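Report on the following structure.
Everything quoted here is computed from the prediction, not taken from an experiment.
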Amino acid sequence: MFEQLKAQDQQYIMNTYGRFDVAIKSGKGASCEDFDGKSFIDFGSGIGVNSLGYCHTAWVQAVTAQAGQLNHTSNLYYTKPCGDLAKKLCDLTGYQKVFFGNSGAEANEGAIKIARKYGIDHYGPSHTKIITLVNSFHGRTVTTLAATGQDVFHQSFFPLTEGFDYALAGDIEDVKTKVDENTAAILVEFIQGEGGVLPLEKTFVKQLETLCQEKDILLIADEVQTGVGRTGTFYCYEQYGVHPNLVTSAKGLGGGLPIGAILADEKTCKVFGAGDHGSTFGGNPIACAGANCVVDVVGQPEFLEQVRQKGAYLKEKLSKMPHVKDIRQMGLMIGFDLDTGTSAQVAAECVREGLLVLTAKQAVRLLPPLTITYEEIDKGLAVLEQVLKTIV
């Protein structure tokens, strides 16, 4: 069965992904199974998407019930799942309004549009510059590629959207040299996930917030990967003691269904007017039903405390494993480097031994489901340790 699926995939799907030699058939919790009956512990959760793991009972019930009632109606009409989700997010975070799209890249693109319209509305047509950080990643559309501070992603897709500049992460003086009279916003990830799981220093983030407030520059937080409980608070910005003007969210928000969101504060929530932005599938009832379930579960303080405890447990166990160095951990977002071998080698060998992990440049990256049990953690760690012992 696998070879047939692989051949079909390679014949009919554009070859844009470096797939591992496995086809997942089914899953439950943090475990999944291929078509040959081989089981895997999943420390990747679909790159941080399956926040509640595979086929969480309440999530399945919510999505199934909504699919049997109303699948889609367009944003020309009101729907209850969409309105309920927006209220829950605003109540949890203190933001005023939400815009729903389909992905993290779309959420970032929408936030960029809000920032530029804010700048133009208040300061004129040239006030559109946006500063991001070197080594950042914000998406694969032409504009979010331009926002991404990694040259490797820019190649072959010129001309990119203009109006971006890149400052060194952690260097507030470099940021200040990039700020000018036309700067509308600064867009950051608090942990550069695709860049290697690299957290920003808290002092630097507070300095960014102060700079933005002094110059009426919007601070935008890309929480596509760090949000919805991933780092042990509902959004990562909470751990930095700041409140960005705009927060983008996706991945784990839908629990497995495509959804993106922009959270806007008092300053930014009325920038868009009718016709300024839109999304055919944004706020889809089924996607919102899944997201409502995710927020109901993840938004509980005791659940977030469990995420923090599980993350600390994982870090402690990893610290005793061979070839592991420089562990970066916040909640269940974990990255570590190796003193020998490569992250790609480790990931490939883990798949062969029954564990799914991720990479981020030189780092091994772990984004397990937030609902993962300690038994599943221990099973996965046993495989990882055995793989690490074989690195030469």
Side-chain angles (χ1 to χ4, degrees), residues 29-30 41-54 56 89 92-93 104 137 188-202 205 221-244 247-256 261 263 291 293-319 321 324 326-337 356-360 363-378 380-381 384:
I41 297 294
D42 189 353
F43 276 10
S45 64
I47 316 184
V49 168
N50 292 336
S51 49
L52 303 185
Y54 292 102
H56 184 276
L89 288 171
L92 267 173
T93 63
F137 182 85
V188 301
E189 306 157 282
F190 294 117
I191 303 175
Q192 294 184 331
E194 301 298 328
V197 195
L198 304 175
L200 299 182
E201 293 291 335
K202 292 185 178 181
V205 173
D222 177 344
E223 294 245 22
V224 170
Q225 191 167 145
T226 56
V228 195
R230 174 54 55 189
T231 65
T233 49
F234 196 78
Y235 283 110
C236 189
Y237 70 77
E238 299 171 57
Q239 300 187 49
Y240 283 84
V242 298
H243 198 76
V247 176
T248 60
S249 189
K251 286 192 180 291
L253 179 59
L263 282 66
C293 179
V294 170
V295 174
D296 288 343
V297 174
V298 176
Q300 299 301 316
E302 58 271 23
F303 183 91
L304 293 167
E305 174 60 27
Q306 291 171 11
V307 172
R308 294 191 289 271
Q309 291 175 2
K310 291 172 186 175
Y313 179 82
L314 262 163
K315 182 179 181 181
E316 191 270 333
K317 294 293 185 180
L318 286 168
S319 68
M321 291 190 182
V324 171
D326 190 19
I327 303 169
R328 284 90 64 191
Q329 174 264 332
M330 195 178 292
L332 285 171
M333 186 170 185
I334 303 165
F336 62 87
D337 297 332
L356 307 181
V357 301
L358 302 165
T359 63
V364 177
R365 178 173 40 155
L366 309 180
L367 302 172
L370 306 183
T371 53
I372 193 170
T373 66
Y374 283 96
E375 181 182 6
E376 290 168 327
I377 290 173
D378 287 341
L381 287 174
L384 178 59

For a side chain to side chain contact (heavy atoms under 4.5 Å, CB included) check, start with the C-alpha distance between L89 and Y235, then their side-chain angles and the critical distance, and finish with the verdict. CA-CA 11 Å; L89 288 171; Y235 283 110; 4.2 Å; yes
Any donor and acceptor pair, going by atom type alone, linking the side chain of [X] with main-chain N or O of [Y] inside 3.5 Å?
X    : Y    : result
N50  : L52  : no
E223 : C236 : yes
K202 : Q239 : yes
S45  : L367 : yes

Starting at [atom1] of [X], measure out to [atom2] of [Y] and round the result to the nearest 0.5 Å.
X    : Y    : atom1 : atom2 : value
D42  : L356 : CG    : CG    : 4.5 Å
L318 : Y313 : CG    : OH    : 10.5 Å
L384 : L366 : CG    : CG    : 7.0 Å
T231 : L370 : OG1   : CG    : 9.5 Å
M330 : I191 : CE    : CD1   : 4.0 Å

Non-hydrogen atoms of [X] and [Y] that approach each other most closely:
X    : Y    : answer
G331 : I334 : O-CG1, 4.1 Å
P244 : F190 : CG-CZ, 4.2 Å
R230 : L332 : NH1-O, 2.7 Å
G380 : F43  : CA-CZ, 3.6 Å
T93  : H243 : O-CE1, 3.3 Å
G254 : V294 : C-CG2, 4.0 Å

Report the residues that fulfil side-chain hydrogen bond (donor to acceptor under 3.5 Å, both in side chains) with [X], sequence neighbours left out, ordered by chain and then residue number.
X    : value
S51  : none
T359 : none
E189 : none
Y240 : none

Strictly below 4.0 Å, N to O, side chains only: are D378 and K317 in salt-bridge contact? no
Which residues share a salt bridge (charged side-chain N to carboxylate O under 4.0 Å, His left out) with E238, sequence neighbours left out: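 Expected list: none.
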Identify, with sequence neighbours excluded, every residue that meets salt bridge (charged side-chain N to carboxylate O under 4.0 Å, His left out) alongside E316.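 Applying salt bridge (charged side-chain N to carboxylate O under 4.0 Å, His left out) to E316 gives K320.
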With [X] via side chain to side chain contact (heavy atoms under 4.5 Å, CB included) - residues at least two apart:
X    : answer
K315 : I327, Q329
A261 : V98, F100, S249, L253, L263
E194 : I47, F137, Q225, R365
E375 : T373, K379

Check: [Y] and [X] side chains under 4.5 Å, non-hydrogen atoms:
X    : Y    : result
V205 : V188 : no
V197 : Q192 : no
K251 : V228 : no
F336 : S319 : no

For residues 299-307, which side-chain donor-acceptor pairs fall under 3.5 Å, sequence neighbours excluded?
unit_1: Q300; atom_1: NE2; unit_2: D296; atom_2: O; d: 3.4
unit_1: E305; atom_1: OE1; unit_2: R308; atom_2: NE; d: 3.2
unit_1: E305; atom_1: OE1; unit_2: R308; atom_2: NH2; d: 2.6
unit_1: E305; atom_1: OE2; unit_2: Q309; atom_2: NE2; d: 2.9

